[in-house]
Amino acid sequence: MENAIRSRLLPDVFLTAIKTDKFKSGAITLNLLRPLRDEEAAMNALFPVILRRGTAEHPDLISIAAELDELYGASIGAVVRKRGEVQVVGLSVEFNDDRFLPEDGLLEKICALMGEMLLRPVTDGDKFDEEYFESEKKNLIDLINAKVNDKISYAQSRLIESMCADEAYGIDKTGSRQQAEIITNEELYRHYRKVLETSQIEIIYVGSADSDRVENAMLNALKELPRGEMIPTGTSTEYIASEPKYVEDAMDVTQGKLSIGFRTGVTAADEDYPDMVLFNAVFGGSLNSKLFMNVREKLSLCYYASSGLEKFKGLMIVNSGVEFENYQIAKDEIFAQLEACKNGDITDEELEGARKYMLNALRCQDDSLAAQEESALSRIIGGYDRTAAELAQQLEKLTAENVVRAANKVRLDTVYFLKGVEK
């Protein structure tokens with residue numbers, strides 16, 4: 001991303017413009033950064049989808065759809081993300097690149113619509129349109145309730161909730177059902193106005209336009225944006241070490257879900273993060289990893305077994321699906337493979353296979369608008385400058401000793417098991 005230019009538009013409002021001719025379309029995300037808090041997480045997840053329902057100029061989805069058709073089939077949606085202990089909410093739009101159209105000015109119209117949607121929603125006095133509020137509040141509660149249906153992600157969510165019970169990271173990106181249920185329209189509208197005034201805003205553009213053009217278009221679109229004292233955001237990686245926790249839930253499931261949480265103490269901003277990336281690939285983050293080849297393939301203890309890093313918080317999560325009776329032996333084998341990494345029991349084939357897998361994954365990051373946007377936003381939130389290309393260069397130089405050092409920084413925190421109901 002050598003062509004990325006970051007500029008300040010307004011107080012605590014920044015634009016990162018990534019100029020590229022690689023795609024036939026462009027994308028803009030308008031991201032409001034909030035500290036992840038239980039008392040506001042559900043409200044933050046709710047108001048962007050209400051903004052998407054209509055504006056003062058385009059008061060319903062039909063008129064918005066007609067406007068998007070006029071804008072050569074652009075698509076616009078709500079953003080609700082969690083990056084470390086930062087909740088990211090706002091709007092995203094994808095649209096045809098100007099250079100393929102018979103007329104100029106599409107970018108400016110897109111930015112104007114985003115500003116209109118952010119700043120001029122359909123209201124009823126000092127609240128949102130009541131129909132839109134009630135409809136989207138119900139949708140949010142239904143979404144939260146439905147998360148239990150995906151047992152793999154549910155198990156990981158319960159692990160994180162238990163592992164980080166006293167930390168902001170334990171809060172879900174959509175908030176809790178309890179908090180969603182008590183939101184009132186008037187309260188939500190007041191909160192939305194506060195968010196506009198007090199949030200750091202990061203706008204990410206990916207496309208062929210010059211940064212000056214994008215800057216002027218967004219400045220014009222956001223000229224009515226209220227600004228006040230910003231509420232800071234960030235992620236704490238400090239924690240008090242304690243004995244590992246073991247948590248179990250029982251549900252009507254046919255396959256157990258075993259999720260294990262580790263503390264690495266290493267984030268993407270740390271100098272030794274590349275070591276941790278390669279270690280994770282050797283351990284469980286690639287198709288020829290120790291977990292995949294031994295726990296799943298050779299011993300057939302799991303239907304799936306993999307590990308992944310949380311680069312903002314400094315965590316590693318192992319997810320696996322096991323037969324109920326294989327829980328203990330599968331867990332023991334996962335720990336055995338971790339010990340093998342710590343002891344340097346790593347073959348050349350494992351090391352080079354993991355390296356090749358990660359290098360290919362990093363090269364693919366430039367292949368989509370979404371990946372480039374995500375990479376830019378992650379660097380801003382994570383407070384680091386290392387690009388995917390630079391990470392790839394560092395991975396090329398690492399040895400098995402780097403993997404061993406990273407492995408020995410990993411500490412078990414929580415074991416979660418979703419088991420069946422005894423009948």
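Computation of the quantities below employed the complete heavy-atom set of this structure, encompassing side-chain atoms and omitting hydrogens, waters and symmetry-equivalent molecules.
Taking a 6.0 Å sphere around CD of Gln178, one finds it holds more than 12 heavy atoms contributed by other residues, nucleotides or ligands. With a 6.0 Å radius and a threshold of 12 heavy atoms from other residues, nucleotides or ligands, Ile329 has its CD1 atom at or below the threshold. Within a 6.0 Å radius of NZ in Lys138, no more than 12 heavy atoms belonging to other residues, nucleotides or ligands are found. By the neighbour-count criterion of 12 heavy atoms within 6.0 Å, atom CG of Asp385 is sparsely surrounded, having that number or fewer from other residues, nucleotides or ligands.
Using a 4.0 Å cut-off between charged nitrogen and carboxylate oxygen, Arg53 and Asp129 do not count as a salt-bridge pair. We find that Lys147 and Asp172 are joined by a salt bridge, their nearest charged nitrogen and carboxylate oxygen being less than 4.0 Å apart. Between Arg81 and Glu202 there is no salt bridge, since no side-chain nitrogen of the basic residue lies less than 4.0 Å from a carboxylate oxygen of the acidic one. Ion pairing between Glu197 and Lys194 fails under the 4.0 Å rule for side-chain N and carboxylate O. Ion pairing between a basic and an acidic side chain is recognised when a charged N comes within 4.0 Å of a carboxylate O; Lys137 and Glu134 show no such pairing. Ion pairing of Lys19 with Asp210 is present here, as a side-chain N (NZ or NE/NH1/NH2) and a carboxylate O approach within less than 4.0 Å. Salt bridge Glu374/Arg83: present, at least one basic N to carboxylate O contact under 4.0 Å. Ion pairing between Asp98 and Arg213 holds under the 4.0 Å rule for side-chain N and carboxylate O. Using a cutoff of 4.0 Å between basic side-chain nitrogens and carboxylate oxygens, Glu339 and Lys290 are not scored as salt-bridged.
In this structure, Glu390 contributes its side chain and Thr387 its backbone to a donor-acceptor pair below 3.5 Å. Under the 3.5 Å distance criterion, the side-chain polar atoms of Tyr205 are matched with a main-chain donor or acceptor of Ser208. A donor-acceptor contact shorter than 3.5 Å links the side chain of Glu85 to the backbone of Ser236. A donor-acceptor pair is defined here as one N or O able to donate and one able to accept, closer than 3.5 Å; no such pair exists between the side chain of Ser375 and the backbone of Ala371. Judged purely by atom type and a 3.5 angstrom limit, Asn3 has no side-chain atom pairing as donor or acceptor with the backbone of Ile18. Between the Asn185 side chain and the Lys127 main chain, no donor and acceptor come within less than 3.5 Å of each other. Checking side-chain atoms of Gln372 against main-chain N and O of Asp366 turns up a donor-acceptor pair under 3.5 Å. Using modelled atom types, no side-chain atom of Ser289 and backbone atom of Ala281 make a donor-acceptor pair closer than 3.5 Å. A donor-acceptor distance shorter than 3.5 angstrom exists from the side chain of Lys151 to the backbone of Val148, with no hydrogens or angles considered. Judged by distance alone, the side chain of Arg52 and the main-chain N or O of Ile76 form a donor-acceptor pair under 3.5 Å.
Going from atom CG of Asn294 over to atom CG of Leu301 covers 10.0 Å, rounded to the nearest 0.5 Å. A distance of 5.5 Å separates CG of Leu196 from CZ of Arg193, quoted to the nearest 0.5 Å. Summarising the geometry, atom CD1 belonging to Ile203 is positioned 8.0 Å from atom CG belonging to Leu10; distances are rounded to the nearest 0.5 Å. Rounded to the nearest 0.5 Å, atoms CG (Asn408) and NZ (Lys342) are 6.0 Å apart.
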message = Determine whether Leu51 and Leu118 satisfy the following criterion, side-chain contact (heavy atoms from CB on, under 4.5 Å), listing intermediate values before the conclusion.
response = CA-CA 6 Å; Leu51 299 183; Leu118 179 70; 4.2 Å; yes
task = List the steps, then state whether side-chain contact (heavy atoms from CB on, under 4.5 Å) holds for Asp21 with Arg99.
result = CA-CA 10 Å; Asp21 293 328; Arg99 71 188 193 277; 4.0 Å; yes
Evaluation steps, side-chain contact (heavy atoms from CB on, under 4.5 Å), between Gln394 and Val277 = CA-CA 11 Å; Gln394 292 172 312; Val277 169; over 6 Å; no
inquiry  = The test is side-chain contact (heavy atoms from CB on, under 4.5 Å); show your working for Glu401 and Val404 and say whether it passes.
reply    = CA-CA 5 Å; Glu401 286 71 24; Val404 172; 5.6 Å; no
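Annotation: side chain of Arg379 is not in contact with side chain of Thr16 (no heavy-atom distance under 4.5 Å). Put simply, the side chain of Leu113 reaches to within 4.5 Å of the side chain of Glu116, judged on heavy atoms. In this structure the side chain of Glu350 never reaches within 4.5 angstrom of the side chain of Met293, judged on heavy atoms. Using a 4.5 Å cut-off on side-chain heavy atoms (C-beta onward), Lys245 and Asp413 make contact. Looking at heavy atoms from C-beta onward, Asp275 lies out of side-chain contact with Lys409 at the 4.5 angstrom threshold. Under the 4.5 Å side-chain criterion, counting only non-hydrogen atoms from C-beta, Pro121 is not in contact with Ile50. Between Leu33 and Met230, every side-chain heavy-atom pair lies at or beyond the 4.5 Å cut-off. Two residues are said to be in side-chain contact when any heavy atoms from C-beta on lie closer than 4.5 Å; Thr237 and Thr267 meet this criterion.
For the pair Arg263 and Tyr239, the distance from NZ or CZ to the six-membered ring centre is under 6.0 Å and the angle to the ring normal is within 45 degrees. Remark: Lys82 is positioned above the aromatic ring of Tyr169, its terminal NZ or CZ atom under 6.0 angstrom from the ring centre and at most 45 degrees off the axis.
Residue pairs satisfying the ring-ring contact (aromatic ring centres under 6.0 Å, His included) criterion with at least one member in residues 21-53, sequence neighbours excluded, are listed as follows: Phe47-Tyr192. Among pairs with a residue in residues 316-365, those fulfilling ring-ring contact (aromatic ring centres under 6.0 Å, His included) read Tyr327-Phe417, at least two apart in sequence or across chains.
With no hydrogens or angles considered, no side-chain donor-acceptor pair links Thr347 and Glu349 at under 3.5 Å. The closest side-chain donor-acceptor pair between Thr55 and Arg120, if any, does not fall under 3.5 angstrom. Side-chain N/O atoms of Asn319 and Ser306 include no donor and acceptor closer than 3.5 Å. Residues Gln337 and Glu333 bring a donor and an acceptor atom of their side chains to less than 3.5 Å of each other. Tyr416 and Asp249 share a donor-acceptor pair across their side chains, judged by distance under 3.5 Å alone.
Closest approach of Met163 and Phe262 over heavy atoms only: CE-O, 3.5 Å. Looking at every heavy atom in both residues, Val322 comes nearest to Cys302 through CG1-SG, 3.5 Å. In terms of heavy atoms, Thr198 sits closest to Arg227 at N-NH2, 4.3 Å. The two residues Asp38 and Ile171 come nearest to each other via the heavy atoms N-CD1, 3.2 Å. Leu287 approaches Phe292 most closely through the heavy-atom pair O-CD2, 3.0 Å.
Residues satisfying the salt bridge (charged side-chain N to carboxylate O under 4.0 Å, His left out) test with Lys173, not counting sequence neighbours, are none.
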